[in-house]
Amino acid sequence: MRLFVALDLPWPLRERLMQLSTGIPGCRWMPAENLHLTLRFIGEVPNWRAEEIDLALHAIKARNFPLTLSGVGLFEKGGRVTSLWAGIERCPQLDHLQSKVETALQRAGLEPERRRFTPHVTLARLDQPANEKVTRFLQGHSLFRAEPFEVEWFTLFSSQLGKEGSVYTPENDYSLS
Ligand code: 2AM
């Protein structure tokens, strides 16, 4: 199974994000059902490991907290823009939850994640040099700020790579209290 841990987003927020998702030819906008905030990408694991991951995630105790999406940005690689995303307002509780997830996964036997946690919600994947359309997207949405929402659970998703893009399936939710 190809797994990742993420926050599900409320539907009104997804709809708001979909309103941002226009204006750049040649990029693949995420459909509303795929919008999420990744806490930890896991990758391919055998079923027995997936069960251990599930147990480890169940054991996490953390409080629910409000989260606000704000701003937009991009990731670049080799001079090409690879993704456009919505950002997150500074949120120590999110960082705290992410580090609990990281610790739990290491206890379940996974190698530590070396990359720094840069919370974002991917809106589009692309592969083109920054151009006027991309600049206009960034400028046009620089003041984007969504209604805060309460994070009450996190989710273990499986991902299947298909011809039409990835299909993400929630495997289990873990509640915060
Ligand atoms: P991204 O949206 O920033 O690309 C499921 O693939 C989720 O895991 C995506 O949201 C993706 O983040 C994240 N992810 C992190 N590292 C990944 C990797 N090496 N391969 C695929 N997805 C990864």
Side-chain angles (χ1 to χ4, degrees), residues 1-11 13-18 20-22 24 26-47 49-50 53-54 56-57 60 67-91 94-95 97-106 108-130 134 137-138 141 144 146 149 151 153-174:
M1 300 179 97
R2 185 180 162 90
L3 298 176
F4 63 100
V5 181
L7 300 183
D8 232 346
L9 303 176
W11 277 92
L13 176 57
R14 294 177 194 227
E15 278 155 19
R16 180 88 204 276
L17 293 171
M18 292 306 287
L20 306 182
S21 299
T22 60
I24 304 181
C27 80
R28 284 169 289 138
W29 297 105
M30 295 292 118
E33 60 270 20
N34 279 12
L35 295 170
H36 64 269
L37 191 167
T38 303
L39 295 173
R40 170 60 140 88
F41 179 71
I42 297 172
E44 284 289 338
V45 292
N47 282 350
R49 175 78 80 195
I53 288 169
D54 176 50
L57 294 175
I60 290 177
L67 189 70
T68 306
L69 266 57
S70 117
V72 291
L74 55 76
F75 288 142
E76 277 178 302
K77 200 174 173 185
R80 300 176 77 82
V81 181
T82 55
S83 85
L84 300 174
W85 42 259
I88 315 295
E89 236 168 50
R90 207 186 83 82
C91 179
L94 177 67
D95 297 337
L97 175 60
Q98 193 274 336
S99 77
K100 287 204 160 182
V101 167
E102 179 61 33
T103 306
L105 293 179
Q106 287 180 27
L110 298 190
E111 288 295 312
E113 172 58 86
R114 302 264 168 231
R115 289 173 296 184
R116 211 168 67 87
F117 178 49
T118 47
H120 62 275
V121 175
T122 298
L123 300 176
R125 297 193 199 286
L126 57 167
D127 179 20
Q128 50 183 261
V134 170
F137 173 86
L138 295 178
H141 300 304
F144 164 71
F149 72 99
V151 178
W153 69 88
F154 61 96
T155 303
L156 179 64
F157 284 92
S158 62
S159 154
Q160 270 164 320
L161 306 172
K163 272 197 214 121
E164 308 282 314
S166 299
V167 177
Y168 301 143
T169 308
E171 298 291 337
N172 219 338
D173 291 332
Y174 309 92

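All ligand and atom numbering here is 1-based and tracks the order in the structure.
With sequence neighbours excluded, no residue forms a salt bridge (Lys or Arg N to Asp or Glu O under 4.0 Å) with Glu171. Residues meeting the side-chain hydrogen bond (donor to acceptor under 3.5 Å, both in side chains) test with His141, sequence neighbours left out: none. Under the side chain to side chain contact (heavy atoms under 4.5 Å, CB included) criterion, Trp29 pairs with Ser21, Ile24, Cys27, Leu84, Leu123, Ala124, Phe137, sequence neighbours left out.
At a threshold of 4.5 Å between non-hydrogen side-chain atoms, the residues Arg40 and Leu105 count as touching.
Contact between Trp85 and Ser83 at its shortest, heavy atoms only, is CD1-OG, 3.7 Å. Residues Arg14 and Asp8 come closest through the heavy atom pair NH2-OD1, 2.9 Å.
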Name each N or O atom in ligand 1 that is under 3.5 Å from a protein N or O, and give the partner atom and the distance.
| residue | atom | partner | partner atom | Å |
| --- | --- | --- | --- | --- |
| ligand 1 | 2 (O) | Thr122 | OG1 | 2.4 |
| ligand 1 | 2 (O) | Arg125 | NH2 | 3.3 |
| ligand 1 | 3 (O) | His120 | NE2 | 2.5 |
| ligand 1 | 3 (O) | Thr122 | OG1 | 3.3 |
| ligand 1 | 4 (O) | Arg125 | NH1 | 2.7 |
| ligand 1 | 4 (O) | Arg125 | NH2 | 3.4 |
| ligand 1 | 10 (O) | His36 | NE2 | 2.7 |
| ligand 1 | 10 (O) | Thr38 | OG1 | 2.8 |
| ligand 1 | 16 (N) | Arg115 | NH2 | 3.2 |

